[in-house]
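Remember, it's a predicted structure, so these values are computed and weren't measured experimentally.
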Amino acid sequence: MTREPLLPPHGCRQRKSFPITQLVDDLADRFADRCVEIRSRPRDPLAQAARRGAQSLVEGSEISATSQNGDQKN
């Protein structure tokens, strides 16, 4: 299962937490495929929660980059 990368090149891929968010996302997908029926209500929230970790990492990285750029200009 190959997917498009979720994260833009902000340096978040170099963080130690990035591979963990990928692992959680992949494991949640595998778990849902094996254990949760396709039309079951918990399936979508499970996938969304797993992806939210990666998205939070992206947003935090963007905020950090913006903050650091702003600090350098002053």
remark   = Interatomic distance, CD1@Ile38 vs CG@Asp44, rounded to 0.5 Å, equals 11.0 Å
request  = Given salt bridge (charged side-chain N to carboxylate O under 4.0 Å, His left out), test Arg51 with Asp29 step by step and report yes or no.
outcome  = CA-CA 10 Å; Arg51 286 183 183 82; Asp29 285 341; 3.4 Å; yes
ask   = Has the side chain of Ser40 got a donor or acceptor atom that lies under 3.5 Å from a matching backbone atom of Val36?
value = no
inquiry  = Could you report the tightest heavy-atom contact between Ala50 and Val24, atom names first, then the distance?
reply    = CB-O, 4.1 Å
request  = Would you please name every residue forming a salt bridge (charged side-chain N to carboxylate O under 4.0 Å, His left out) with Arg43, sequence neighbours left out?
outcome  = Asp33
Pro42 versus Pro45, closest heavy-atom pair with distance = O-CD, 3.4 Å
